[in-house]
Asker: 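Handing you a structure now.
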Amino acid sequence: MIVNLETEDVDQTYRELTATDGIRIVSEPVTQSYGTRYFAVEDPCGNRINLYHSNH
């Protein structure tokens, strides 16, 4: 399963989640050419969660 969640501050959310047990970081924050910044994590059950913020 993949879940997409929008957050106001991708970098702050990334910092908070890297300090949380049981969360595996799949990709570090990156800004796409179209302006969306995102990163991905995996929960303990293997579900991928994409956290993003769109500047649109």
Side-chain angles (χ1 to χ4, degrees):
M1 176 190 301
I2 298 175
V3 176
N4 295 307
L5 299 174
E6 187 168 16
T7 180
E8 286 295 317
D9 188 334
V10 167
D11 296 303
Q12 178 63 35
T13 304
Y14 176 80
R15 285 189 294 273
E16 291 171 4
L17 290 178
T18 56
T20 302
D21 290 334
I23 301 293
R24 186 174 81 82
I25 303 299
V26 175
S27 66
E28 295 183 3
V30 63
T31 302
Q32 298 296 313
S33 61
Y34 47 85
T36 297
R37 186 160 176 77
Y38 85 99
F39 72 97
V41 300
E42 190 174 88
D43 72 10
C45 295
N47 299 303
R48 184 178 171 130
I49 304 167
N50 297 321
L51 294 115
Y52 73 95
H53 179 76
S54 178
N55 292 327
H56 302 193

Asker: Can you tell me if CD on E8 sees more than 12 non-hydrogen neighbours from other groups inside 6.0 Å?
Answerer: no
Asker: Could you pull out all residues at least two apart from D11 that satisfy salt bridge (charged side-chain N to carboxylate O under 4.0 Å, His left out)?
Answerer: R37
Asker: Would you name the heavy atoms of E28 and Y14 that are closest together and state the gap between them?
Answerer: CG-OH, 3.4 Å
Asker: Using a 6.0 Å cut-off, check whether atom CD of Q32 has over 12 heavy atoms from anything other than its own residue.
Answerer: yes
Asker: Just jot down the salt bridge (charged side-chain N to carboxylate O under 4.0 Å, His left out) partners of E16, sequence neighbours excluded, or say none.
Answerer: none
Asker: Rounded to the nearest 0.5 Å, what separation is found between the CG atom of N50 and the OG1 atom of T36?
Answerer: 11.5 Å
Asker: Going from CZ on R48 to CG on D43, what distance comes out if it is rounded to the nearest 0.5 angstrom?
Answerer: 12.5 Å
Asker: With the side chain counted from C-beta on, respond yes when T7 and L5 share a heavy-atom pair under 4.5 Å apart, and no when they do not.
Answerer: no
Asker: Supply the atom-to-atom distance I49 CD1 to M1 CE, rounded to the nearest 0.5 angstrom.
Answerer: 9.5 Å
Asker: Excluding sequence neighbours, so at least two apart, what forms side-chain hydrogen bond (donor to acceptor under 3.5 Å, both in side chains) with T18?
Answerer: none
Asker: V30 versus Y38: any side-chain heavy-atom pair under 4.5 Å?
Answerer: yes
Asker: Spell out, yes or no, whether I23 and V3 are grouped together once hydrophobic residues are joined by side-chain heavy atoms under 4.5 Å, including indirect joins.
Answerer: yes
Asker: Any side-chain heavy atom of L17 sitting closer than 4.5 Å to one from L51?
Answerer: yes
Asker: Between E6 and H53, is a side-chain contact (heavy atoms from CB on, under 4.5 Å) present by the stated rule, with each step listed?
Answerer: CA-CA 5 Å; E6 187 168 16; H53 179 76; 3.9 Å; yes
